[in-house]
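Report on the following structure.
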Amino acid sequence: MPIVSVIIPNYNHAAYLAQRINSVLNQSFQDFEVIILDDCSTDDSKTIIEQYRSHEKVSCVIYNEVNSGSPFKQWQKGIDVAKGEWIWIAESDDVTEKEFLQTVMDNAKSDSDIVISYCASWRIDKNGKRDNRLAWADDISKRNWLADSKNDGLSEISNQLFYKNVIANASAVLFKKEAVDMSIFKLINNMRFAGDWLFWIKLLEKGKIYYSAKILNNFRSHDNTTRNLKNANLEKQRFEEYFKVLNYLKNNHEVRWNYKKHKWMLHDWLDRYNLINEKTFLPLNSQFPFFYNMFLLHRFFKKKTSNVKR
């Protein structure tokens, strides 16, 4: 049996797919199988995938006849067929450094209680040009993200993941298969934006996490990534998913509201609420605590006053 199962879920990423698969196959750590899943792509993905079907590392290729509508349904399918002790979801538009798997595996083996081992990421553009370190978590955390760290799962949830999904990219993560409660997919299979956030939380209820500051993953930002979507219905769904995660945390963990740590979400809401509601009324949100809405009102009227003065 392989130690690691690498799941490559693909949808219309033909432009990046060969580079992604090759970056997996060329890892310095070689005890793995590759599972390729295609979610009914309409581009040339199948032609590229078929070039790898007979590769000794590729144990399974599955094509959906109908698009699933959710990346997490593909995660579930891949985990179901995975034979490895550890799982790596290698998203099809990202790319990795040769030493990624060896590094996160060594860290995972340093403590038998570790259920997530991950590393820092570079942000790259659609052409693969490196931009900067993906500093997604820096604004809510006092942690030194330039140094390795290990933490108890419940502490990580309360001090990091309650405020933001600090694990910004699944491609940077190795997680223990036996720690996955497959019932999680009943909660996230209809999610599109925050299902991974809840997935990491559920894993960390069962063990520890190790973060490597080595930048060995490359997160590709392009026009079709979910973070760049501006459609009003999708933006509304995004915030609904955020609240679903926060409500789960409030109901299951001893966490306290702190608007200063959720400012990123409040600013996002202020930026998008006109688009979401197609109106210009006060940007209050019934799912925010009282003092979060007070912050929104303050920012709203400050902006109004600033516009009048101009």
Side-chain angles (χ1 to χ4, degrees), residues 86-89 91 94 96-97 99-124 130-176 179 193-221 227 241-243 245-246 248-250 252-268 289 292 295:
W86 294 87
I87 306 287
W88 172 22
I89 307 280
E91 295 181 324
D94 298 327
T96 192
E97 303 299 322
E99 300 301 319
F100 164 77
L101 200 50
Q102 184 69 63
T103 299
V104 292
M105 175 56 67
D106 287 345
N107 293 337
K109 288 182 176 180
S110 68
D111 187 328
S112 61
D113 290 331
I114 289 173
V115 294
I116 292 178
S117 175
Y118 77 113
C119 73
S121 300
W122 292 111
R123 186 189 300 274
I124 60 174
R130 188 169 288 170
D131 182 7
N132 50 35
R133 182 179 68 87
L134 187 60
W136 173 246
D138 291 18
D139 61 338
I140 62 98
S141 176
K142 294 181 179 179
R143 174 176 290 165
N144 178 10
W145 293 97
L146 301 180
D148 288 12
S149 65
K150 183 171 72 170
N151 197 12
D152 174 76
L154 296 181
S155 173
E156 190 77 2
I157 290 168
S158 297
N159 297 306
Q160 305 290 342
L161 285 157
F162 174 51
Y163 301 110
K164 201 174 201 178
N165 181 8
V166 297
I167 306 174
N169 183 214
S171 293
V173 182
L174 186 71
F175 61 88
K176 187 176 289 186
F193 302 94
D196 55 340
W197 190 1
L198 191 52
F199 186 84
W200 309 136
I201 290 165
K202 292 292 288 182
L203 273 173
L204 288 174
E205 290 173 345
K206 296 186 176 182
K208 297 178 182 178
I209 185 168
Y210 195 109
Y211 164 74
S212 170
K214 291 182 179 178
I215 311 179
L216 301 172
N217 176 60
N218 296 275
F219 165 71
R220 196 183 304 270
S221 181
R227 291 175 193 175
E241 291 184 14
Y242 287 167
F243 299 137
V245 175
L246 293 179
Y248 173 85
L249 285 163
K250 286 296 293 179
N252 293 277
H253 293 271
E254 295 181 3
V255 290
R256 292 185 177 183
W257 292 112
N258 182 338
Y259 80 92
K260 292 181 180 179
K261 293 291 187 76
H262 279 137
K263 272 187 178 180
W264 68 274
M265 190 185 300
L266 297 175
H267 284 300
D268 259 8
Y292 281 44
F295 172 84

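The figures here come from the full heavy-atom set of this structure, side chains too, leaving out hydrogens, waters and symmetry mates.
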Item checked: From CA spacing to verdict: side-chain contact (heavy atoms from CB on, under 4.5 Å), Asp138, Arg133 -> CA-CA 11 Å; Asp138 291 18; Arg133 182 179 68 87; 2.6 Å; yes
Check: Closest heavy-atom contact between Trp145 and Ala213?
Finding: O-CB, 3.7 Å
Item checked: Identified salt bridge (Lys or Arg N to Asp or Glu O under 4.0 Å) counterpart of Asp139 within the set Lys263, Lys164, Lys260 -> Lys164
Notebook entry, point to check: Stepwise, does the side-chain contact (heavy atoms from CB on, under 4.5 Å) test hold for Val166 with Trp200?
Noted result: CA-CA 10 Å; Val166 297; Trp200 309 136; over 6 Å; no
Next item on the list: Might you point out which heavy atoms bring Val104 and Ser117 nearest each other, and give the distance in Å?
Entry: O-OG, 2.7 Å
Checklist line | Heavy-atom pair of closest approach, residues Ala179 and Lys206 | finding: O-CD, 3.2 Å
Next item on the list: Find the distance between CG (Asn165) and OH (Tyr242) and round it off to the nearest 0.5 Å.
Entry: 9.0 Å
Check: Once the angle between the rings of Phe295 and Tyr259 is folded into 0 to 90°, is it parallel (under 30°), tilted (30 to 60°) or perpendicular (over 60°)?
Finding: tilted
Note to self: For Tyr292 together with His262, are the ring centres under 6.0 Å from each other?
What the structure shows: yes
Note to self: Tell me if the NZ atom of Lys261 is crowded by more than 12 foreign heavy atoms within 6.0 Å.
What the structure shows: yes
Margin query: Nearest 0.5 Å, please: how far is CG in Leu198 from CG in Leu203?
Written below: 10.0 Å
Item checked: Residue pair Ile167 / Asp196, side-chain heavy-atom distance below 4.5 Å -> no
Item checked: Tyr118 and its ring-ring contact (aromatic ring centres under 6.0 Å, His included) partner, picked from Phe100, Trp86, Tyr211, Trp88 -> Tyr211
Notebook entry, point to check: What's the spacing between Leu134 CG and Arg123 CZ if we round to 0.5 Å?
Noted result: 5.0 Å
Notebook entry, point to check: What is the distance from atom OG of Ser171 to atom CG of Leu216, rounded to the nearest 0.5 Å?
Noted result: 13.0 Å
Checklist line | Shortest non-hydrogen contact from Ala194 toward Glu241 | finding: N-OE1, 2.7 Å
Margin query: Please report the interatomic distance CG(Leu161) to OG(Ser155), rounded to the nearest 0.5 Å.
Written below: 10.5 Å
Notebook entry, point to check: Does the side chain of Ile140 come within less than 4.5 Å of Gln160's, by heavy atoms?
Noted result: yes
Check: Any donor and acceptor pair, going by atom type alone, linking the side chain of Asp94 with main-chain N or O of Arg220 inside 3.5 Å?
Finding: yes
Item checked: Donor-acceptor contact present, side-chain Glu156 to main-chain Asn151, <3.5 Å -> no
Checklist line | Side chains of Ile114 and Lys176 in contact at under 4.5 Å (non-hydrogen atoms) | finding: no
Checklist line | Reference residue Tyr210; test side-chain contact (heavy atoms from CB on, under 4.5 Å); the match among Asp111, Ile116, Val115, Asp148 | finding: Asp148
Note to self: Measuring only between side-chain heavy atoms, which start at C-beta, is Leu101 closer than 4.5 Å to Leu174?
What the structure shows: yes
Next item on the list: Classify the angle between the aromatic ring planes of Phe162 and Trp257 as parallel (below 30°), tilted (30 to 60°) or perpendicular (above 60°).
Entry: tilted
Next item on the list: Indicate yes or no: at least one non-hydrogen side-chain atom of Lys214 is less than 4.5 angstrom from one of Asn107.
Entry: no
Next item on the list: Mind listing the closest non-hydrogen atom pair of Asn159 and Tyr163 along with its distance?
Entry: O-CD1, 3.8 Å
Note to self: Return the CH2 to CH2 distance between Trp136 and Trp264, rounded to the nearest 0.5 Å.
What the structure shows: 5.0 Å
Check: How close do Glu91 and Ala170 get, heavy atom to heavy atom, and via which atoms?
Finding: OE2-CB, 3.9 Å
